[in-house]
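The structure appears below as structure tokens.
Heavy atoms only: backbone and side chains are in, while hydrogens, waters and symmetry mates are out. All residue numbers in this chain count up from 1 along the given sequence.
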Amino acid sequence: KKMSSVPDGKKLVRSPSGLRMVPENGAFNSPFALDEPQWVPDKECPRCMQCDAKFDFLTRKHHCRRCGKCFCDKCCSRKVSLPRMCFVDPVRQCAECSLVSQKEMEFYDKQLKVLMNGGTFLVSLGTLGKLETMVCRLSNNHRYLFLDGESHFEVELSRISSIQMLTEGFTPGEKDIHTYTSLLESQYISEGGNSRAAGMMLQYKSVGSQELQQLRVEVADDKKTASMWLAAMHKAAKLLYESRDQ
């Protein structure tokens, strides 16, 4: 039985930071999820870690729900949604963290839906080079890429070791050139730029194997939808890549 077909039950958990809706089985956490931070103990922070205001009866201390550091009310007054920690309601965050969380909101509001809706691609597995038309989409629990055509195939996101985007350049007078942009480069591939996402190459380890497998997808007929899907996948990959560094 495939792991991905286990039902994903959710449960409400109350933590000191607020209410969270988390998978009943911790093994089914979304790969985009972040763990709650350890709070800096009260006795270790006599002053605000941003503006250095001394805490006293009037100046109360607050913990940022994202980084766990101690701040005064002025430096930690914003309540912002934090879906990566599964909070049900917006939670208190310091200025720096709230900016990061707001950027991620766009991913959760828009790109995730695009990824779960899927796009149609020409897919080649391994070095065989046999092309198959498949719909590629993100599973509802965000843990797998499902590829469906004549056959069904899935890749677990946590087992992907590298993602490279294939882009087509639209410089006048030049034929479409495939360039690789790897995740180490920060530029986003956006619609309306001078290059459009045309495909991607994944390297991953299949379950029970340490050998790297390769998967290549290229845009099929519906180019607009597929390009949007790839741009969303690029953002998803950046989130995964950055959280591995944290």
Problem - Rounded distance [0.5 Å steps], CG in Asn140 versus OG in Ser30 - result: 11.5 Å

Exercise for the section: Kindly give the heavy-atom pair with the smallest separation between Ser101 and Arg66, and that separation in Å. Expected result: OG-NH1, 3.0 Å

Practice task
To the nearest 0.5 angstrom, please state how far the CZ atom of Arg216 sits from the CD atom of Gln203.
Solution key: 12.0 Å

Exercise for the section: Applying ring-ring contact (aromatic ring centres under 6.0 Å, His included), name anything that partners Phe87, two or more places apart in sequence or on another chain. Expected result: none

Practice task
Please assess Arg65 against Met85 for the test side-chain contact (heavy atoms from CB on, under 4.5 Å), listing each intermediate value before the final yes or no.
Solution key: CA-CA 9 Å; Arg65 283 15 183 189; Met85 287 183 194; 5.7 Å; no

Using a 3.5 Å cut-off and no angle test, enumerate the donor-acceptor pairs between side-chain atoms of residues 40-56 and protein atoms at least two apart in sequence or in another chain.
unit_1	atom_1	unit_2	atom_2	d
Arg47	NH1	Asp52	O	3.0
Asp56	OD1	Leu58	N	2.9
Asp56	OD1	Thr59	N	2.7

Exercise for the section: Please check if the side chain of Ser81 supplies one atom and the backbone of Pro83 the other of a donor-acceptor pair under 3.5 Å. Expected result: no

Fill in the blank from the handout: salt bridge (charged side-chain N to carboxylate O under 4.0 Å, His left out) filter on Arg137, not counting sequence neighbours, yields none

Exercise for the section: Search all heavy atoms of Leu157 against all heavy atoms of Phe32 and return the closest pair with its distance. Expected result: CD2-CZ, 4.1 Å

Practice task
Could you pull out all residues at least two apart from Glu156 that satisfy salt bridge (charged side-chain N to carboxylate O under 4.0 Å, His left out)?
Solution key: Arg143

Taking distance alone, no hydrogens or angles, what donor-acceptor pairs closer than 3.5 Å link side-chain atoms of residues 69-80 to residues at least two apart or in another chain?
unit_1	atom_1	unit_2	atom_2	d
Asp73	OD1	Arg92	NH1	3.1

Exercise for the section: Could you list the residues that satisfy side-chain contact (heavy atoms from CB on, under 4.5 Å) with Asp222, not counting sequence neighbours? Expected result: Lys224, Thr225

Exercise for the section: Check whether any side-chain heavy atom of Lys10 sits under 4.5 Å from a side-chain heavy atom of Glu24, and report yes or no. Expected result: no

Exercise for the section: Please identify each residue that fulfils salt bridge (charged side-chain N to carboxylate O under 4.0 Å, His left out) with Glu106, with sequence neighbours left out. Expected result: Lys235

Handout entry: Pairing of Arg84 and Glu104 as salt bridge, 4.0 angstrom limit
Key = yes

Exercise for the section: Flag yes if Leu125 and Phe121 sit in one hydrophobic cluster, no otherwise; membership is Ile, Leu, Val, Met, Phe, Trp, Tyr, and two members link when side-chain heavy atoms are under 4.5 Å apart. Expected result: yes

Completion exercise
Heavy-atom closest pair (Val114 atom, Trp229 atom, distance to 0.1 Å) is O-CD1, 3.3 Å

Practice task
Drop me the distance from Lys103's NZ to Ser98's OG, to the nearest 0.5 angstrom.
Solution key: 11.0 Å

Problem - Within one Ile-Leu-Val-Met-Phe-Trp-Tyr cluster: Val217 and Phe153, side-chain cutoff 4.5 Å - result: yes

Problem - Side-chain cluster (under 4.5 Å, hydrophobic types only) that Leu12 belongs to, other residues - result: Leu19, Met21, Val88

Practice task
Verify side-chain contact (heavy atoms from CB on, under 4.5 Å) between Leu131 and Val123, making sure each step is shown before the conclusion.
Solution key: CA-CA 5 Å; Leu131 285 175; Val123 179; over 6 Å; no

Problem - Over all atoms of both residues, closest heavy-atom pair of Met116 and Ser139 - result: SD-O, 3.9 Å

Handout entry: Hydrophobic cluster membership, Val135 vs Leu122, 4.5 Å side-chain cutoff
Key = no

Practice task
State the SG-CD distance between Cys67 and Gln93, to the nearest 0.5 angstrom.
Solution key: 8.5 Å

Exercise for the section: Output the distance between atom CG (Leu239) and atom CD (Gln111), rounded to the nearest 0.5 Å. Expected result: 9.0 Å

Fill in the blank from the handout: Interatomic distance, CG@Leu147 vs OG1@Thr133, rounded to 0.5 Å, equals 12.0 Å

Completion exercise
Sequence neighbours excluded, the answer for salt bridge (charged side-chain N to carboxylate O under 4.0 Å, His left out) partners of Arg20 is Glu36

Practice task
Please report the shortest heavy-atom distance between Asp109 and Lys113, naming the atom on each side.
Solution key: O-NZ, 2.7 Å

Exercise for the section: Give a yes or no on whether Val100 and Leu34 share a hydrophobic cluster (residues Ile, Leu, Val, Met, Phe, Trp, Tyr; joining criterion: side-chain heavy atoms under 4.5 Å apart). Expected result: no

Handout entry: Leu240 with Val155, same ILVMFWY side-chain cluster at under 4.5 Å
Key = yes

Practice task
Could you tell me which residues satisfy side-chain contact (heavy atoms from CB on, under 4.5 Å) with Leu202, sequence neighbours excluded, listed by chain and number?
Solution key: Leu145, Ile160, Ile163, Met200, Leu215

Fill in the blank from the handout: Val22 and Cys86 have their tightest heavy-atom pair at CG1-CB, 4.0 Å

Problem - For Gln213, side-chain contact (heavy atoms from CB on, under 4.5 Å) partners two or more places apart - result: Tyr204, Ser206, Ser209

Problem - Side chain to side chain, His142 and Leu112, heavy atoms closer than 4.5 Å - result: yes

Handout entry: Set of residues satisfying ring-ring contact (aromatic ring centres under 6.0 Å, His included) with respect to His63, sequence neighbours excluded
Key = Trp39

Practice task
Inspect the surroundings of CD in Glu96 and state if more than 12 heavy atoms from other residues, nucleotides or ligands are less than 6.0 Å away.
Solution key: no

Exercise for the section: Look only at the side chain of Gln214 and the backbone of Met201, and say whether a donor-acceptor pair between them is shorter than 3.5 Å. Expected result: no

Problem - Donor-acceptor under 3.5 Å (Lys238 side chain, His234 main chain) - result: no

